[in-house]
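Side chains included, hydrogens not; waters and symmetry mates left out as well; all remaining heavy atoms used. Positions are given from 1 along the sequence.
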Amino acid sequence: MLAYTTYSEAGGVGKTTTAANLAVAHARAGLKPLVVPLDPQDGDLSRLFGVDGKRKKSVDNLVRHMIQRPNGSFDDLIQTKEGVDIIPEHNMLGSLAEYLRREKEQAEAMGEAFGMHSQLLRVLRRADVNDRYDVLICDPPATEGPHLYNAINATRSLVIPVEPSAKGDAAVQGLESLVAGLEENLDINIGVLAALPMDFKDTRDQREIINDIPYSTPEIIGDRASLMEGCWKQQCSAYCYIREHRSRRREYEIKTLAQFDRLARQLEQQVGIEAPNPPEPGDVEHSVITP
């Protein structure tokens with residue numbers, strides 16, 4: 001199984017839209033992806049895909065499973081959009097650290113161990129996600145804490161969207177130390193599958209920043225603010241937005257879809273996955289075939 005977390009130390013660089021569009025790119029190729037968004041904010045992946053209608057209701061959710069108090073089966077948590085299985089975010093994620101801390105204290109009082117940063121991994125293993133899915137993508141918030149640590153512990157690999165700007169330059173310079181710090185905190189090895197420069201305008205400064213990125217950059221995404229804003233408005237991926245909501249198709253936006261398709265194939269190949277039905281990159285009419 002291909003497993004990775006989309007993570008960027010800086011907010012607003014397209015982390016969530018990257019996760020969503022890569023998930024659909026995997027699904028378009030005939031693979032079965034599961035996305036686990038972990039961001040307690042409203043502008044999250046569940047919102048992007050339009051599956052966040054129950055986040056404020058007293059219903060079973062992923063946090064309850066992580067603290068070993070489920071109100072139903074794991075499968076009942078899942079909603080499907082554009083061929084992608086998603087575990088919608090719930091407002092309980094906002095208090096995840098406190099819930100995990102209380103559970104840890106209770107376990108230790110009983111002489112039991114409770115790893116605060118390994119509970120998502122435990123839940124996914126119990127649900128046999130590794131055998132049932134081809135791809136696992138986690139989308140945690142940018143801030144360090146139990147959301148991020150549980151995501152990385154479950155996937156052990158990163159795809160890092162990067163903003164090639166003066167603001168993003170500091171983040172680029174600190175990428176290797178950031179990954180090393182996460183490895184030390186979690187006591188695991190973490191692989192970086194790719195860095196993905198976003199909002200590229202082909203300036204000299206941006207080219208210099210990208211050249212300094214210490215990881216592979218197989219694709220570089222241009223300024224696609226209008227496209228991504230349309231995705232948020234229509235609550236769908238870029239593929240769906242261009243196919244169903246654009247009055248005319250823009251060549252540079254089709255190029256962006258092709259870049260997500262190619263990046264998905266490159267990520268799959270790194271773990272030896274051969275997609276059964278890969279589209280011609282950027283073919284917006286290519287149908288998702290459910291495995």
For residues [X] and [Y], is any side-chain donor paired with an opposing acceptor at under 3.5 Å?
{"X": "N153", "Y": "S118", "answer": "no"}
{"X": "D60", "Y": "H90", "answer": "no"}
{"X": "Q119", "Y": "R122", "answer": "yes"}
{"X": "Y239", "Y": "D261", "answer": "yes"}

Validation row: [X], [Y] side chains within 4.5 angstrom (heavy atoms):
{"X": "V51", "Y": "S46", "result": "yes"}
{"X": "R156", "Y": "L121", "result": "yes"}
{"X": "K15", "Y": "D139", "result": "yes"}
{"X": "K54", "Y": "N61", "result": "no"}
{"X": "M198", "Y": "L196", "result": "yes"}

SB check [X] [Y] (cutoff 4.0 Å):
{"X": "R249", "Y": "E285", "answer": "yes"}
{"X": "E98", "Y": "R101", "answer": "yes"}
{"X": "K255", "Y": "E251", "answer": "no"}
{"X": "D85", "Y": "R132", "answer": "no"}

Run the side chain to side chain contact (heavy atoms under 4.5 Å, CB included) check on F200 and I221 step by step: do they pass?
-> CA-CA 6 Å; F200 181 64; I221 307 296; over 6 Å; no

N21 and M228: side chain to side chain contact (heavy atoms under 4.5 Å, CB included), yes or no, with the steps?
-> CA-CA 10 Å; N21 287 310; M228 298 310 168; 4.0 Å; yes

Side-chain ([X]) to main-chain ([Y]) donor-acceptor, under 3.5 angstrom:
{"X": "Y7", "Y": "A142", "value": "yes"}
{"X": "Q206", "Y": "P164", "value": "yes"}
{"X": "R246", "Y": "R243", "value": "no"}
{"X": "E268", "Y": "L2", "value": "no"}

Taking atom CD1 of I87 and atom CG of L120, what is their separation to the nearest 0.5 Å?
-> 7.5 Å

How many angstroms lie between atom CG of L148 and atom CG of L186, to the nearest 0.5 angstrom?
->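 If I round to the nearest 0.5 Å, the distance is 7.5 Å.
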
Chi angles and distances behind the side chain to side chain contact (heavy atoms under 4.5 Å, CB included) call for I67, L100 = CA-CA 6 Å; I67 60 173; L100 290 173; 4.1 Å; yes

Would you mind telling me which of V36, V84, T16 makes a side-chain contact (heavy atoms from CB on, under 4.5 Å) with L45?
->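 It is T16, the one option of V36, V84, T16 that forms the side-chain contact (heavy atoms from CB on, under 4.5 Å) with L45.
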
Please report the C-alpha distance between R102 and E105 in whole Å, then the side-chain angles of each, then the deciding distance to 0.1 Å, and finally whether the salt bridge (Lys or Arg N to Asp or Glu O under 4.0 Å) criterion is met.
-> CA-CA 5 Å; R102 291 178 184 174; E105 290 176 351; over 6 Å; no

Could you give me the CA-CA distance, side-chain angles and deciding distance for Q266 and R262, then say whether side chain to side chain contact (heavy atoms under 4.5 Å, CB included) is met?
-> CA-CA 6 Å; Q266 197 265 355; R262 289 196 299 266; over 6 Å; no

Does CD in E208 sit with more than 12 non-hydrogen atoms of other residues, nucleotides or ligands closer than 6.0 Å?
->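 Yes, because the 6.0 Å sphere around CD of E208 holds more than 12 heavy atoms from other groups.
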
